[in-house]
Amino acid sequence: MLRSVILAASRSSRVERLVATAPFSRDVVRRFVAGAKTDDALRATRELVDDGLAVTLDNLGEDTVTGEQANATRDEYLTLLRMLGEAKLTPAAEVSVKLSALGQAFDEQLAYDNARAICAAAEAAGTTVTLDMEDHTTTDSTLDILTKLRKDHPSTGAVLQAYLRRTESDCRDLASAGSRVRLCKGAYREPESVAYQSAREVDKSYVRCLNILMSGDGYPMLATHDPRLIAIGEDRARWFDRDPDRFEFQMLYGIRPEEQARLVGEGYTVRTYVPYGDDWYGYLMRRLAERPANLAFFARALTSKK
Ligand SMILES: Cc1cc2nc3c(=O)[nH]c(=O)nc-3n(C[C@H](O)[C@H](O)[C@H](O)COP(=O)(O)OP(=O)(O)OC[C@H]3O[C@@H](n4cnc5c(N)ncnc54)[C@H](O)[C@@H]3O)c2cc1C
(Lines give C-alpha, C1' and ligand atoms only; values in the text may rest on other atoms or scores of the structure.)
Protein backbone atom coordinates (compact mmCIF):
# COMPACT_ATOMS: atom_id res chain seq x y z
CA MET A 1 0.00 0.00 0.00
CA LEU A 2 2.67 2.51 1.15
CA ARG A 3 4.89 1.30 -1.69
CA SER A 4 2.13 2.02 -4.21
CA VAL A 5 1.56 5.51 -2.83
CA ILE A 6 5.26 6.39 -3.01
CA LEU A 7 5.61 4.91 -6.50
CA ALA A 8 2.57 6.91 -7.64
CA ALA A 9 4.21 10.04 -6.17
CA SER A 10 7.37 9.22 -8.13
CA ARG A 11 5.34 10.00 -11.30
CA SER A 12 3.80 13.24 -9.96
CA SER A 13 5.41 16.45 -11.10
CA ARG A 14 3.68 18.36 -8.26
CA VAL A 15 5.23 16.14 -5.57
CA GLU A 16 8.51 16.25 -7.45
CA ARG A 17 8.60 20.06 -7.28
CA LEU A 18 7.85 19.92 -3.56
CA VAL A 19 10.49 17.31 -2.72
CA ALA A 20 13.16 18.47 -5.17
CA THR A 21 13.20 22.03 -3.84
CA ALA A 22 13.02 21.15 -0.14
CA PRO A 23 16.33 21.83 1.64
CA PHE A 24 16.13 18.61 3.73
CA SER A 25 16.10 16.49 0.57
CA ARG A 26 19.81 17.10 0.03
CA ASP A 27 20.75 15.12 3.18
CA VAL A 28 18.66 12.16 2.14
CA VAL A 29 19.93 12.26 -1.41
CA ARG A 30 23.56 12.28 -0.26
CA ARG A 31 23.09 8.84 1.25
CA PHE A 32 22.04 7.26 -2.05
CA VAL A 33 23.65 9.47 -4.73
CA ALA A 34 27.39 10.04 -5.23
CA GLY A 35 27.07 13.72 -6.17
CA ALA A 36 25.97 16.02 -8.98
CA LYS A 37 29.04 16.13 -11.21
CA THR A 38 31.15 13.71 -13.26
CA ASP A 39 34.08 14.38 -10.90
CA ASP A 40 31.92 13.27 -7.93
CA ALA A 41 31.17 10.02 -9.76
CA LEU A 42 34.88 9.46 -10.39
CA ARG A 43 35.77 10.18 -6.77
CA ALA A 44 33.17 7.72 -5.46
CA THR A 45 34.31 5.12 -8.00
CA ARG A 46 37.95 5.47 -6.94
CA GLU A 47 37.02 4.97 -3.26
CA LEU A 48 34.93 1.87 -3.99
CA VAL A 49 37.54 0.36 -6.32
CA ASP A 50 40.23 0.95 -3.67
CA ASP A 51 38.01 -1.07 -1.31
CA GLY A 52 37.96 -4.00 -3.74
CA LEU A 53 34.51 -3.33 -5.25
CA ALA A 54 33.58 -3.15 -8.91
CA VAL A 55 31.27 -0.30 -9.97
CA THR A 56 28.51 0.48 -12.43
CA LEU A 57 27.76 4.17 -12.90
CA ASP A 58 24.34 5.62 -13.65
CA ASN A 59 23.92 9.17 -14.87
CA LEU A 60 20.59 9.97 -13.24
CA GLY A 61 17.72 10.94 -15.49
CA GLU A 62 14.86 9.14 -17.20
CA ASP A 63 11.87 9.80 -19.42
CA THR A 64 13.52 12.49 -21.53
CA VAL A 65 11.11 14.20 -23.91
CA THR A 66 13.37 15.96 -26.42
CA GLY A 67 16.17 14.91 -28.75
CA GLU A 68 18.43 17.56 -27.18
CA GLN A 69 18.01 16.02 -23.71
CA ALA A 70 18.63 12.53 -25.07
CA ASN A 71 21.78 13.61 -26.89
CA ALA A 72 23.01 15.49 -23.81
CA THR A 73 22.65 12.28 -21.77
CA ARG A 74 24.60 10.37 -24.43
CA ASP A 75 27.34 13.03 -24.38
CA GLU A 76 27.61 12.83 -20.59
CA TYR A 77 28.16 9.06 -20.83
CA LEU A 78 30.83 9.59 -23.54
CA THR A 79 32.63 12.08 -21.28
CA LEU A 80 32.30 9.79 -18.27
CA LEU A 81 33.69 6.79 -20.14
CA ARG A 82 36.64 8.80 -21.48
CA MET A 83 37.43 10.03 -17.95
CA LEU A 84 37.09 6.53 -16.44
CA GLY A 85 39.52 5.20 -19.06
CA GLU A 86 42.01 8.02 -18.48
CA ALA A 87 41.80 7.49 -14.71
CA LYS A 88 42.48 3.76 -15.25
CA LEU A 89 39.22 2.89 -13.51
CA THR A 90 38.18 0.53 -16.29
CA PRO A 91 37.44 -2.36 -16.50
CA ALA A 92 36.51 -2.22 -12.77
CA ALA A 93 33.90 0.44 -13.58
CA GLU A 94 31.25 0.01 -16.25
CA VAL A 95 28.09 2.06 -16.94
CA SER A 96 24.35 1.46 -16.55
CA VAL A 97 22.09 3.20 -19.03
CA LYS A 98 18.35 3.85 -19.09
CA LEU A 99 17.03 3.82 -22.66
CA SER A 100 14.24 6.23 -21.66
CA ALA A 101 16.95 8.80 -20.96
CA LEU A 102 18.20 8.30 -24.52
CA GLY A 103 14.84 8.94 -26.21
CA GLN A 104 13.15 5.50 -26.18
CA ALA A 105 9.66 6.89 -25.44
CA PHE A 106 9.48 9.13 -28.53
CA ASP A 107 12.14 7.83 -30.96
CA GLU A 108 13.35 4.24 -30.59
CA GLN A 109 15.89 4.63 -33.39
CA LEU A 110 17.42 7.64 -31.60
CA ALA A 111 17.65 5.64 -28.34
CA TYR A 112 19.36 2.80 -30.22
CA ASP A 113 21.81 5.15 -31.99
CA ASN A 114 22.67 6.84 -28.69
CA ALA A 115 23.09 3.51 -26.89
CA ARG A 116 25.30 2.24 -29.72
CA ALA A 117 27.55 5.30 -29.39
CA ILE A 118 27.84 4.64 -25.63
CA CYS A 119 28.65 0.96 -26.21
CA ALA A 120 31.40 1.94 -28.70
CA ALA A 121 32.86 4.43 -26.19
CA ALA A 122 32.73 1.78 -23.46
CA GLU A 123 34.58 -0.68 -25.66
CA ALA A 124 37.21 1.96 -26.49
CA ALA A 125 37.64 2.57 -22.74
CA GLY A 126 37.96 -1.17 -22.08
CA THR A 127 34.64 -1.68 -20.33
CA THR A 128 30.97 -2.55 -20.84
CA VAL A 129 27.41 -1.22 -20.69
CA THR A 130 24.35 -2.66 -18.93
CA LEU A 131 20.88 -1.53 -20.07
CA ASP A 132 18.73 -0.85 -17.00
CA MET A 133 15.16 -2.19 -17.22
CA GLU A 134 12.26 0.22 -16.64
CA ASP A 135 8.50 -0.39 -16.45
CA HIS A 136 6.95 -3.34 -18.28
CA THR A 137 5.72 -1.27 -21.23
CA THR A 138 9.37 -0.92 -22.26
CA THR A 139 10.55 -4.52 -21.79
CA ASP A 140 10.08 -5.72 -25.39
CA SER A 141 11.61 -2.59 -26.87
CA THR A 142 14.59 -2.77 -24.47
CA LEU A 143 15.24 -6.45 -25.23
CA ASP A 144 14.97 -5.75 -28.99
CA ILE A 145 17.52 -2.95 -28.73
CA LEU A 146 19.73 -5.21 -26.60
CA THR A 147 19.71 -7.89 -29.31
CA LYS A 148 20.73 -5.34 -31.94
CA LEU A 149 23.48 -3.85 -29.73
CA ARG A 150 24.90 -7.29 -28.97
CA LYS A 151 25.63 -7.90 -32.66
CA ASP A 152 28.52 -5.41 -32.48
CA HIS A 153 28.96 -5.25 -28.70
CA PRO A 154 28.27 -8.77 -27.38
CA SER A 155 29.18 -7.90 -23.79
CA THR A 156 26.26 -5.44 -23.43
CA GLY A 157 24.34 -6.48 -20.31
CA ALA A 158 20.59 -6.86 -19.76
CA VAL A 159 18.44 -6.50 -16.64
CA LEU A 160 15.54 -8.85 -15.90
CA GLN A 161 12.99 -8.23 -13.14
CA ALA A 162 11.81 -11.24 -11.12
CA TYR A 163 8.43 -9.61 -10.39
CA LEU A 164 7.38 -9.91 -14.04
CA ARG A 165 5.60 -13.17 -14.93
CA ARG A 166 7.48 -13.34 -18.24
CA THR A 167 10.95 -13.24 -16.70
CA GLU A 168 11.59 -16.98 -16.26
CA SER A 169 11.16 -17.35 -19.99
CA ASP A 170 13.40 -14.31 -20.68
CA CYS A 171 16.05 -15.87 -18.39
CA ARG A 172 15.99 -19.04 -20.48
CA ASP A 173 16.44 -16.98 -23.66
CA LEU A 174 19.34 -15.01 -22.22
CA ALA A 175 21.25 -17.70 -20.27
CA SER A 176 23.64 -18.28 -23.16
CA ALA A 177 27.41 -17.98 -23.46
CA GLY A 178 28.74 -14.43 -23.15
CA SER A 179 25.37 -13.06 -22.06
CA ARG A 180 25.53 -10.76 -19.03
CA VAL A 181 22.23 -10.66 -17.15
CA ARG A 182 21.47 -8.65 -14.01
CA LEU A 183 18.62 -10.22 -12.04
CA CYS A 184 16.72 -7.87 -9.72
CA LYS A 185 13.29 -8.00 -8.05
CA GLY A 186 11.95 -4.95 -9.95
CA ALA A 187 11.31 -1.40 -8.74
CA TYR A 188 8.20 -0.12 -10.55
CA ARG A 189 4.47 -0.27 -9.82
CA GLU A 190 3.14 -2.96 -12.12
CA PRO A 191 -0.38 -4.41 -12.63
CA GLU A 192 -1.28 -7.93 -11.53
CA SER A 193 -1.79 -8.95 -15.16
CA VAL A 194 1.96 -8.79 -15.78
CA ALA A 195 3.60 -8.93 -12.34
CA TYR A 196 3.51 -10.93 -9.11
CA GLN A 197 2.14 -8.72 -6.34
CA SER A 198 3.24 -10.37 -3.09
CA ALA A 199 6.81 -10.29 -1.78
CA ARG A 200 6.70 -14.07 -1.34
CA GLU A 201 5.76 -14.67 -4.97
CA VAL A 202 8.45 -12.25 -6.17
CA ASP A 203 11.08 -13.99 -4.00
CA LYS A 204 10.06 -17.43 -5.31
CA SER A 205 10.28 -16.15 -8.87
CA TYR A 206 13.72 -14.66 -8.09
CA VAL A 207 14.96 -18.08 -6.96
CA ARG A 208 13.58 -19.83 -10.06
CA CYS A 209 15.24 -17.23 -12.29
CA LEU A 210 18.49 -17.39 -10.30
CA ASN A 211 18.55 -21.19 -10.78
CA ILE A 212 18.14 -20.80 -14.55
CA LEU A 213 20.89 -18.18 -14.82
CA MET A 214 23.36 -19.89 -12.46
CA SER A 215 22.94 -23.27 -14.19
CA GLY A 216 23.17 -21.67 -17.67
CA ASP A 217 26.16 -20.54 -19.73
CA GLY A 218 25.93 -16.76 -19.31
CA TYR A 219 27.30 -14.38 -16.69
CA PRO A 220 24.70 -13.84 -13.92
CA MET A 221 24.71 -10.59 -11.93
CA LEU A 222 22.64 -11.08 -8.78
CA ALA A 223 21.35 -7.62 -7.84
CA THR A 224 19.75 -7.82 -4.42
CA HIS A 225 20.26 -6.76 -0.80
CA ASP A 226 18.02 -9.55 0.45
CA PRO A 227 20.01 -11.74 2.89
CA ARG A 228 18.07 -14.91 1.98
CA LEU A 229 18.57 -14.45 -1.75
CA ILE A 230 22.27 -13.65 -1.28
CA ALA A 231 22.67 -16.88 0.74
CA ILE A 232 20.87 -18.82 -2.01
CA GLY A 233 23.19 -17.18 -4.58
CA GLU A 234 26.24 -18.31 -2.58
CA ASP A 235 24.78 -21.81 -2.30
CA ARG A 236 24.09 -22.10 -6.06
CA ALA A 237 27.59 -20.82 -6.86
CA ARG A 238 28.97 -23.81 -4.93
CA TRP A 239 26.37 -26.19 -6.37
CA PHE A 240 26.96 -25.14 -10.01
CA ASP A 241 30.71 -24.76 -9.53
CA ARG A 242 30.78 -21.10 -10.43
CA ASP A 243 34.04 -19.40 -9.49
CA PRO A 244 33.90 -15.74 -8.40
CA ASP A 245 34.93 -14.64 -11.90
CA ARG A 246 31.86 -16.33 -13.47
CA PHE A 247 29.11 -14.39 -11.68
CA GLU A 248 28.78 -11.37 -9.41
CA PHE A 249 26.67 -9.79 -6.71
CA GLN A 250 25.41 -6.23 -7.19
CA MET A 251 24.05 -3.72 -4.68
CA LEU A 252 23.13 -0.06 -4.65
CA TYR A 253 25.38 2.75 -3.41
CA GLY A 254 24.66 3.46 0.26
CA ILE A 255 22.67 0.28 0.88
CA ARG A 256 24.14 -2.50 3.07
CA PRO A 257 27.77 -1.37 2.59
CA GLU A 258 28.92 -3.78 5.34
CA GLU A 259 27.41 -6.71 3.45
CA GLN A 260 29.12 -5.54 0.27
CA ALA A 261 32.45 -5.54 2.17
CA ARG A 262 31.76 -8.96 3.71
CA LEU A 263 31.15 -10.53 0.29
CA VAL A 264 34.34 -8.94 -1.09
CA GLY A 265 36.15 -10.41 1.94
CA GLU A 266 34.75 -13.84 1.06
CA GLY A 267 36.36 -13.50 -2.39
CA TYR A 268 33.21 -12.71 -4.39
CA THR A 269 32.96 -10.07 -7.11
CA VAL A 270 30.63 -7.31 -5.85
CA ARG A 271 29.57 -4.39 -8.03
CA THR A 272 28.13 -1.23 -6.51
CA TYR A 273 25.59 0.69 -8.60
CA VAL A 274 26.56 4.34 -8.24
CA PRO A 275 24.05 6.99 -9.38
CA TYR A 276 25.17 10.59 -9.86
CA GLY A 277 23.66 13.77 -11.30
CA ASP A 278 20.97 16.30 -10.48
CA ASP A 279 17.95 14.40 -11.68
CA TRP A 280 17.62 12.17 -8.61
CA TYR A 281 13.88 12.39 -7.87
CA GLY A 282 12.59 9.18 -9.54
CA TYR A 283 15.56 7.18 -8.25
CA LEU A 284 15.14 8.42 -4.68
CA MET A 285 11.40 7.70 -4.65
CA ARG A 286 11.99 4.10 -5.77
CA ARG A 287 14.50 3.65 -2.94
CA LEU A 288 12.00 5.06 -0.43
CA ALA A 289 9.29 2.74 -1.74
CA GLU A 290 11.51 -0.29 -1.18
CA ARG A 291 11.93 0.24 2.52
CA PRO A 292 9.65 2.08 4.97
CA ALA A 293 12.68 2.64 7.25
CA ASN A 294 14.06 4.95 4.57
CA LEU A 295 10.95 7.03 4.94
CA ALA A 296 11.72 7.44 8.66
CA PHE A 297 15.23 8.54 7.68
CA PHE A 298 13.62 11.07 5.33
CA ALA A 299 11.28 12.29 8.08
CA ARG A 300 14.18 12.65 10.55
CA ALA A 301 16.05 14.80 8.03
CA LEU A 302 12.89 16.87 7.65
CA THR A 303 12.40 17.48 11.37
CA SER A 304 16.07 18.08 12.17
CA LYS A 305 16.21 21.11 9.83
CA LYS A 306 14.67 24.50 10.36
C1 LIG B 1 22.65 -3.12 -8.78
C2 LIG B 1 21.17 -2.96 -8.88
C3 LIG B 1 20.61 -2.57 -10.09
C4 LIG B 1 19.22 -2.46 -10.22
N5 LIG B 1 18.69 -2.18 -11.44
C6 LIG B 1 17.35 -2.19 -11.58
C7 LIG B 1 16.74 -2.04 -12.85
O8 LIG B 1 17.40 -1.90 -13.88
N9 LIG B 1 15.38 -2.08 -12.92
C10 LIG B 1 14.60 -2.25 -11.80
O11 LIG B 1 13.36 -2.31 -11.93
N12 LIG B 1 15.15 -2.36 -10.58
C13 LIG B 1 16.50 -2.34 -10.45
N14 LIG B 1 17.04 -2.50 -9.21
C15 LIG B 1 16.18 -2.39 -7.99
C16 LIG B 1 15.60 -3.71 -7.61
O17 LIG B 1 14.64 -4.11 -8.56
C18 LIG B 1 14.92 -3.65 -6.22
O19 LIG B 1 13.90 -2.70 -6.26
C20 LIG B 1 15.87 -3.31 -5.09
O21 LIG B 1 17.12 -3.90 -5.26
C22 LIG B 1 15.29 -3.79 -3.74
O23 LIG B 1 15.10 -5.18 -3.79
P24 LIG B 1 15.99 -6.23 -2.95
O25 LIG B 1 16.28 -7.37 -3.86
O26 LIG B 1 17.17 -5.56 -2.41
O27 LIG B 1 15.04 -6.81 -1.85
P28 LIG B 1 14.10 -6.13 -0.75
O29 LIG B 1 13.16 -7.18 -0.32
O30 LIG B 1 13.54 -4.83 -1.24
O31 LIG B 1 15.11 -5.80 0.41
C32 LIG B 1 15.79 -6.79 1.15
C33 LIG B 1 16.57 -6.09 2.26
O34 LIG B 1 17.59 -5.27 1.67
C35 LIG B 1 17.68 -4.02 2.34
N36 LIG B 1 17.21 -2.96 1.43
C37 LIG B 1 16.61 -3.14 0.23
N38 LIG B 1 16.33 -1.97 -0.36
C39 LIG B 1 16.75 -1.02 0.48
C40 LIG B 1 16.74 0.40 0.43
N41 LIG B 1 16.22 1.07 -0.59
N42 LIG B 1 17.27 1.05 1.48
C43 LIG B 1 17.80 0.39 2.54
N44 LIG B 1 17.83 -0.95 2.63
C45 LIG B 1 17.32 -1.65 1.63
C46 LIG B 1 16.81 -4.14 3.54
O47 LIG B 1 17.56 -4.69 4.59
C48 LIG B 1 15.75 -5.11 3.10
O49 LIG B 1 15.12 -5.77 4.16
C50 LIG B 1 18.42 -2.66 -9.08
C51 LIG B 1 18.98 -3.06 -7.87
C52 LIG B 1 20.33 -3.23 -7.76
C53 LIG B 1 20.90 -3.68 -6.47
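For ligands, and for the atoms within them, numbers begin at 1 and follow the listed sequence. For clarity, every value in this text was computed on a predicted model and none was experimentally measured.
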Presence of salt bridge, Arg172 and Glu168, under 4.0 angstrom |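 A salt bridge links Glu168 with Arg172.
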Is the shortest side-chain N to carboxylate O distance from Arg30 to Asp40 below 4.0 Å?
-> no
I'd like to check whether [X] has a polar contact with ligand 1, where a contact means an N/O of the residue lying under 3.5 Å from an N/O of the ligand.
{"X": "Gln250", "value": "no"}
{"X": "His225", "value": "yes"}
{"X": "Met133", "value": "yes"}
{"X": "Arg31", "value": "no"}
{"X": "Gln161", "value": "yes"}
{"X": "Gly186", "value": "yes"}
{"X": "Ala187", "value": "yes"}
{"X": "Thr224", "value": "yes"}

Step by step, would you call Ile255 with Arg287 a side chain to side chain contact (heavy atoms under 4.5 Å, CB included)?
-> CA-CA 10 Å; Ile255 300 182; Arg287 303 294 76 85; 4.2 Å; yes
Taking only heavy atoms of Asp132 into account, list the atoms of ligand 1 that are under 4.0 Å away from them.
->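 Listed by number with element: 8 (O).
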Using a strict 4.0 Å cut-off to heavy atoms of Leu252, name the atoms of ligand 1 that fall inside it.
-> 2 (C), 51 (C), 52 (C), 53 (C)
For the side chain to side chain contact (heavy atoms under 4.5 Å, CB included) test, which of Asp132, Leu160, Leu213 pairs with Arg182?
-> Asp132
Between [X] and ligand 1, find which residue part has any heavy-atom pair under 4.0 Å and reply side chain, backbone, both or neither.
{"X": "Val159", "value": "side chain"}
{"X": "Tyr188", "value": "side chain"}
{"X": "Ile255", "value": "side chain"}
{"X": "Arg182", "value": "side chain"}

Taking everything shown except Lys148 itself, do over 12 heavy atoms lie less than 6.0 Å from its NZ?
-> yes
Would you say Arg228 has more than 12 foreign heavy atoms packed within less than 6.0 Å of its CZ?
-> no
Any chance you could measure Leu53, atom CG, to Phe249, atom CZ, to the nearest 0.5 Å?
->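 Answer rounded to 0.5 Å: 13.0 Å.
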Sidechain-backbone polar pair: Arg46 side chain, Ala87 backbone, donor-acceptor under 3.5 Å |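 Checking the backbone N and O of Ala87 against the side chain of Arg46, a donor-acceptor pair under 3.5 Å is found.
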Option nearest atom 32 (C) of ligand 1 (shortest heavy-atom distance, choices Thr130, Leu183, Asp226) = Asp226
Could you check whether the rings of Phe247 and Tyr268 sit parallel, tilted or perpendicular, using 30° and 60° as the cut-offs?
->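 Phe247 vs Tyr268 ring planes: perpendicular.
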